Student: 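My structure is below; once you've seen it, I'll send some questions.
Count residues from 1 along the sequence. This structure is a prediction, so every number in the text was calculated from the model and none was measured. Both ligands and their constituent atoms are indexed starting at 1 by order of listing.
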Amino acid sequence: MSPVTSPSLPGGVPGPIPTAEDLIAGIKAYYPGVDEALIRDAYAFSREKHGEQLRASGEPYYGHPVNVASILIGLHLDPASIVTALLHDTVEDTEVTLDDLRERFGEEVAFLVDGVTKLGKLELISARTQQGENLQKFVLAITKDVRVLLVKLADRLHNMQTLNFIPRKEKRERIARETAEIYAPLARRIGIQKICAELEDLSFRCLNPPAYVSITRRLQAQRERTSAEVGKMSRAISERVMAAGISARVFGREKRPFSIWRKLERQAITFDELADVYAFRIIVDNPEDCYRVLGLIHTTWRCVPERFRDFISVPKPNRYQSLHTTVIGPGNIKVELQIRTEEMDRIAEEGVAAHWRYKQGGYAYDTVAGGDPLEMLKPLLEILEFGGEPEDFLEHAKLEMFQDQVFAFTPKGKLISLPAGATALDFAYAVHTDIGDDCVGVKINGRERPLRTSLNNGDSVDIIRGGVPGPPHGWEGMVVTGRARSAIRRLIREVERQEFEKLGRAFVDRLLRREGLKGTVVLREARKRLGLKTNKELYGQVGRGQLRTDKLMDALFPGRADQGAEHINQRELISDETARYYIKGNGIKANAPLHLAQCCSPLPGDRIVGVRVSGKGIIVHTIDCELLADYENNEDDLIDLSWTPQAGTQSASIGRILATVVHQPGALAEIADAVGRSKGNIMDVRSMTRSPDFFDMSFDVEVLGARHLSHIVAAMRACSCVVSAHRARASSPTEGQSHEHK
Ligand code: MN
């Protein structure tokens with residue numbers, strides 16, 4: 001295929017491969033003391049080991065690591081990162097081992113190459129579970145040393161620049177999607193705007209060529225149309241600033257295709273509205289001059305107040321600093337201005353990478369100026385630490401990576417930065433997980449507001465605490481941060497776990513009492529047989545219905561089935577003077593199979609009717625079952641049936657009860673107790689739908705018949721936590737309900 005070339009992006013035709021001396025000259029420009037021999041050695045080693053390998057573009061493979069190194073030199077990175085870039089594909093693609101690298105280039109380089117190699121093996125666009133797991137590994141790897149991520153980003157940038165040479169469209173698109181979803185957001189996270197912007201535009205070009213072409217064309221046309229006016233405005237600003245004796249550089253800002261596209265997608269705005277804004281950047285010598293220039297601008301042109309932002313006084317969490325303002329210029333044109341110092345500009349463009357510098361004893365990351373280089377990746381690590389499913393991590397991490405920021409303050413004035421749209425509840429979780437877990441209300445700027453209130457820049461937020469009332473199911477919809485979401489899910493799991501344990505414990509205790517057993521020893525033995533570590537685990541499984549009663553009985557009384565010990569069967573639990581029921585009726589032939597209909601699930605005591613169905617035998621329905629209407633015209637197929645008590649054997653059936661339960665602590669335990677007192681045996685509990693205040697549950701209860709079931713329903717209705725309860729009809733048949741009767 002022929003590569004698409006674009007006027008504004010590199011990457012159509014591979015340029016000449018820089019030489020080792022080119023690289024060294026580049027490094028010396030910012031670090032004169034660089035060990036030249038080391039760079040030459042790594043260069044030669046990489047070139048030799050990659051040998052005759054070619055890239056998809058047809059250029060020798062070693063050109064790729066050299067270009068990656070060049071990108072990092074452009075960011076003024078340290079020699080170890082440059083050497084890592086030169087060697088980053090040797091372990092993966094040649095016979096070189098990590099030990100070889102360790103011996104020749106030292107531990108640091110071997111460690112970095114290892115990190116980059118591992119990242120390369122993780123497919124980040126794949127089946128969701130796999131993708132989630134891979135992203136977890138990815139986050140772990142890049143948070144060991146930020147240079148691993150920097151080398152990987154440069155690697156990805158060069159691969160994207162040469163993406164058009166990859167013949168298969170699916171592969172190009174997979175790489176571009178991975179870039180747009182993972183690498184570009186990560187680059188923005190650590191503040192490397194330069195790389196982020198190029199990655200975004202390159203993946204946009206690959207994934208949506210028509211949109212890319214149409215936007216670049218319109219931008220081009222617009223540039224030509226407005227260049228005279230833009231020049232005039234630029235001169236007007238310069239003159240105004242110079243007249244005040246301030247030295248400044250003023251230049252027009254290029255608009256990027258992808259950022260235009262994103263705004264078109266997200267906002268109700270047209271291309272012309274977007275493009276008719278002129279954008280300038282003014283670079284001055286020191287922070288004071290930023291404000292002086294701002295004053296000059298605002299006294300010359302009318303400002304749009306809601307567009308003013310002071311990121312010098314309150315930097316973004318990635319240390320971005322700048323003044324932003326929009327004024328109405330000559331001819332009613334909107335003019336966007338960014339005012340900042342040279343240093344601020346470098347941090348704005350290069351983020352974390354802007355903090356490597358020459359210090360006594362070498363060239364290294366400056367923790368005083370830059371702080372912890374991994375600071376911005378910490379939210380991702382925190383989400384990882386909260387645990388949960390890899391899919392959850394994926395969702396939370398993506399949320400975390402994609403958002404703009406809002407800033408709010410604690411009552412003591414501590415700054416908390418959150419993604420735009422974050423709520424008071426997000427804020428509580430951002431301050432501390434414990435505060436989030438037990439917050440009950442919030443005051444924003446002194447006034448009480450709902451927890452779901454979205455925060456604005458500068459809000460002062462006071463969290464009111466008051467204990468955990470129950471699993472906060474409604475909360476998940478009230479937050480936008482990954483951190484809060486995963487913490488809330490953990491809290492829900494935890495509170496639910498406690499409730500299920502309580503339920504299970506009540507159940508097991510009653511069972512042991514009934515069997516006349518003392519708990520501890522018997523339970524420990526049973527637990528071992530079931531392979532469970534703690535009693536809590538056992539209670540939890542019973543409470544959730546994961547461990548069925550018969551399994552538990554088998555574990556408590558191993559071999560009970562072999563001894564024919566029918567009396568300790570679970571049915572015994574509800575036995576008193578019970579009877580086993582058979583069905584009788586005039587039309588039943590000796591061997592005709594009988595099935596209980598799943599639509600109405602008849603129980604002993606119900607009035608019943610049989611329907612003859614050819615090939616299936618006789619299906620037993622309750623007399624009020626709606627499906628019987630279908631047979632009104634062929635009464636020959638209907639058989640009058642009734643239940644027959646037969647003394648001496650015991651039997652039970654499963655009835656299903658649907659109940660709406662108030663969300664309150666101990667609700668499940670109260671219900672279990674009521675059912676138990678009515679001699680019902682809960683076989684399975686399922687929670688179906690949830691709202692913050694109520695949840696609908698279904699209980700499968702072992703009962704002796706319809707009257708027993710009605711009795712249990714009545715007992716449940718008497719519980720304070722039960723809003724409504726009724727026997728399940730027609731819908732959701734229970735498994736194992738079509739028993740055969742002879
Ligand atoms: Mn590579």
Side-chain angles (χ1 to χ4, degrees), residues 3 10-11 14-15 17-18 20 23 39 42-75 77 79-98 100-101 105 109-125 134 137-138 141-142 144-168 171-180 182-184 186-187 192 194-196 198-199 202-203 206 353:
I17 299 172
L23 297 189
I39 305 294
Y43 190 102
F45 186 82
S46 169
R47 184 169 186 172
E48 179 204 324
K49 295 301 173 187
H50 284 296
E52 301 295 307
Q53 290 172 359
L54 295 179
R55 299 201 88 214
S57 62
E59 74 169 341
Y61 194 93
Y62 85 93
H64 164 65
V66 170
N67 275 302
V68 175
S70 287
I71 292 169
L72 294 177
I73 291 170
L75 290 173
L77 278 198
S81 303
I82 313 291
V83 170
T84 301
L86 288 169
L87 303 173
H88 82 272
D89 279 333
T90 53
V91 174
E92 177 80 27
D93 295 342
T94 75
E95 82 284 7
V96 173
T97 66
L98 270 181
D100 298 339
L101 294 186
F105 299 100
V109 167
F111 166 79
L112 292 172
V113 172
D114 187 37
V116 178
T117 306
K118 280 183 184 143
L119 293 188
K121 290 185 181 141
L122 299 172
E123 280 214 13
L124 298 172
I125 302 286
N134 283 349
K137 290 182 196 155
F138 191 90
I142 59 176
K144 288 205 175 103
D145 189 320
V146 78
R147 290 176 297 178
V148 171
L149 178 58
L150 290 170
V151 175
K152 190 65 201 167
L153 285 172
D155 175 42
R156 178 49 61 107
L157 178 58
H158 186 246
N159 285 335
M160 287 300 292
Q161 287 169 344
T162 51
L163 188 65
N164 288 310
F165 296 105
I166 290 177
R168 265 184 44 236
K171 188 173 178 196
R172 287 200 306 273
E173 289 183 348
R174 184 179 61 72
I175 294 173
R177 243 191 0 263
E178 196 177 72
T179 302
I182 311 286
Y183 288 97
L186 279 174
I192 312 190
K194 238 181 182 173
I195 289 186
C196 171
E198 200 177 341
L199 288 176
L202 289 165
S203 45
C206 169

Student: Roughly how far, to the nearest 0.5 Å, is OG1 of T179 from CG of N159?
Tutor: 8.5 Å

Student: Assess the side chains of R147 and T84: does a donor N or O sit below 3.5 Å from an acceptor N or O?
Tutor: no

Student: Counting only N and O atoms by type, is there a donor-acceptor contact under 3.5 Å from the side chain of R156 to the main-chain atoms of A184?
Tutor: no

Student: Under 2.8 Å from the Mn ion (ligand 1), which protein N, O or S atoms are there? Could you list them by chain and number?
Tutor: H64 NE2, H88 NE2, D89 OD2, D155 OD1

Student: If we check side chain to side chain donor-acceptor pair (under 3.5 Å) with H64, which of these qualifies: H88, Q53, E59?
Tutor: H88

Student: Determine whether L87 and V96 make a side-chain contact, defined as any pair of heavy atoms from C-beta on separated by less than 4.5 Å.
Tutor: no

Student: Looking only at non-hydrogen atoms, find the nearest pair between V91 and V113 and report the distance.
Tutor: CG2-CG1, 4.0 Å

